[in-house]
Amino acid sequence: MPHKPDTLFAKPSDVVGEFRFDQAVAEVFPDMIGRSVPGYHTIIKMIGQIAERYAQANSNCYDLGCSLGASTLAMRHRIVSNNTRILAVDNSSAMIDRARATLAADGGHIPVELICQNLQEVPVENASICVLNFTLQFVPVAQRGTILHNIAQGMLPGGVLILSEKLAFEDAEHNALMINLHHNFKRTNGYSELEIAQKRSALENVLIPETFATHQQRLLAAGFRSVDLWFQCFNFASILAFK
């Protein structure tokens with residue numbers, strides 16, 4: 001299924017609505033995320049390598065907030081353990097529809113089940129790998145701990161959660177620097193000042209970043225035994241949490 005270049009915020013708008021993962025976003029998502037998230041493609045590749053190492057035989061691997069299925073495909077192409085399946089979940093029907101078309105054209109042998117469901121309602125069971133790739137940041141803060149607890153309860157010993165998030169920083173000067181460097185990354189990738197400003201406005205009350213320390217404490221409280229940062233570029237990072 002073809003994808004369009006991201007021009008969603010290129011025209012001035014008197015009222016910028018809240019960001020939603022609707023059909024319009026699904027159509028431009030690969031271009032949008034590649035030009036907006038520094039290190040995104042590296043994270044996707046490494047998710048495949050981590051899954052290859054830690055996916056256990058006779059277990060489930062979850063891609064929670066799968067969007068178009070990039071992490072799902074990365075896992076599918078690298079997992080070598082026997083009798084493993086991937087459950088790819090997203091609450092956007094537009095994303096799931098496009099992911100289904102992408103998976104239909106993919107030659108991977110590991111079975112994938114696509115599920116259109118809210119993250120808060122997903123039963124995680126017999127899991128050796130769980131991926132939350134820039135997903136939790138869109139969930140209301142008050143619900144994040146419960147979600148992580150449910151994931152931890154459904155994971156096998158030795159299982160790993162890969163949690164990628166946009167970070168905030170306690171030091172105000174450093175936080176401002178990371179934001180400015182991120183915006184310059186977007187300028188370098190062709191976004192205009194108008195696009196950057198309108199996208200930021202659309203995400204203001206939708207994407208709520210937190211500090212690494214907050215994520216670490218919450219993950220430990222949820223039942224993970226080890227929580228460490230494995231990747232960071234500006235204010236985008238990925239965390240490994242082991243059960």
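Because the structure is predicted, anything quoted here is derived from the model rather than measured.
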Atom pair [atom1] ([X]) and [atom2] ([Y]), whose distance is rounded to the nearest 0.5 Å:
X      : Y      : atom1 : atom2 : value
Arg98  : Ser93  : CZ    : OG    : 12.0 Å
His215 : Leu229 : NE2   : CG    : 10.0 Å
Met95  : Gln23  : CE    : CD    : 9.5 Å
Ile162 : Phe231 : CD1   : CZ    : 13.0 Å
Ser59  : Asn82  : OG    : CG    : 10.5 Å
Phe185 : Phe234 : CZ    : CZ    : 8.0 Å

Steps toward side-chain contact (heavy atoms from CB on, under 4.5 Å) verdict (Met178, His182) = CA-CA 6 Å; Met178 292 299 101; His182 175 223; over 6 Å; no
Is it true that [X] and [Y] fall in one hydrophobic cluster, defined by side-chain heavy atoms closer than 4.5 Å?
X      : Y      : result
Leu167 : Phe236 : no
Val160 : Val131 : yes
Val25  : Val37  : yes
Ile50  : Phe224 : no
Leu219 : Ile151 : yes

Side-chain heavy atoms of [X] within contact of [Y], under 4.5 Å:
X      : Y      : result
Thr7   : Val28  : no
Phe169 : Asn235 : yes
Asp90  : Leu64  : no
Glu195 : Asp6   : no
Phe242 : Leu161 : no
Asn180 : Asn184 : no
Cys61  : Ser128 : yes
Arg144 : Ile208 : yes

Does the gap between the ring centers of His183 and Tyr191 come in under 6.0 Å?
-> no
Got a sec, which pairs hit salt bridge (charged side-chain N to carboxylate O under 4.0 Å, His left out) with one end in [range], sequence neighbours left out?
range            : result
residues 41-63   : Glu52-Arg78
residues 161-190 : Arg187-Glu193
residues 215-237 : Glu210-Arg218

Closest non-hydrogen atom pair between [X] and [Y], with its separation:
X      : Y      : answer
Ala74  : Ile44  : CB-O, 3.3 Å
His77  : Gly108 : CD2-CA, 4.5 Å
Ser238 : Ser164 : OG-OG, 2.8 Å
Met75  : Ile47  : CG-CG2, 3.9 Å
Ala237 : Phe134 : O-CE2, 4.2 Å
Cys130 : Met155 : N-CE, 3.9 Å

Evaluate side-chain contact (heavy atoms from CB on, under 4.5 Å) for Ile96 paired with Cys66, printing each intermediate quantity in order.
-> CA-CA 8 Å; Ile96 288 290; Cys66 66; 4.0 Å; yes
Determine, step by step, whether Leu156 and Asn126 satisfy the side-chain contact (heavy atoms from CB on, under 4.5 Å) criterion, reporting the C-alpha distance in whole Å, the side-chain angles of both residues, the deciding distance to 0.1 Å, and the verdict.
-> CA-CA 6 Å; Leu156 298 168; Asn126 192 40; 3.4 Å; yes
Can you label the angle between the Phe21 ring and the Phe19 ring as parallel, tilted or perpendicular, going by 30° and 60°?
->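 Taking Phe19 first and then Phe21, their aromatic rings stand perpendicular (interplane angle over 60°).
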Salt bridge flag under 4.0 Å for residues Arg76 and Asp106 | yes
Identify each donor-acceptor pair in which a side-chain atom of residues 197-207 lies under 3.5 Å from a protein atom, sequence neighbours left out, and give them as a table.
from	atom 1	to	atom 2	distance (Å)
Gln198	OE1	Ser13	N	2.8
Gln198	NE2	Phe9	O	3.0
Gln198	NE2	Lys11	O	3.0

When clusters are formed from ILVMFWY side-chain contacts under 4.5 Å, directly or step by step, what else is grouped with Leu194?
-> none
Side chain of Lys243, backbone of Gly158: donor and acceptor closer than 3.5 Å?
->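 Not at all, since once roles are kept as given, no pair shorter than 3.5 Å links the two residues.
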Can Tyr40 and Asn133 be counted as having a side-chain donor-acceptor contact under 3.5 angstrom?
->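 Short answer, no.
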Identify each donor-acceptor pair in which a side-chain atom of residues 112-125 lies under 3.5 Å from a protein atom, sequence neighbours left out, and give them as a table.
from	atom 1	to	atom 2	distance (Å)
Glu113	OE1	Arg85	NH1	3.2
Asn118	OD1	Asn91	ND2	3.2
Gln120	NE2	Gln143	OE1	2.5

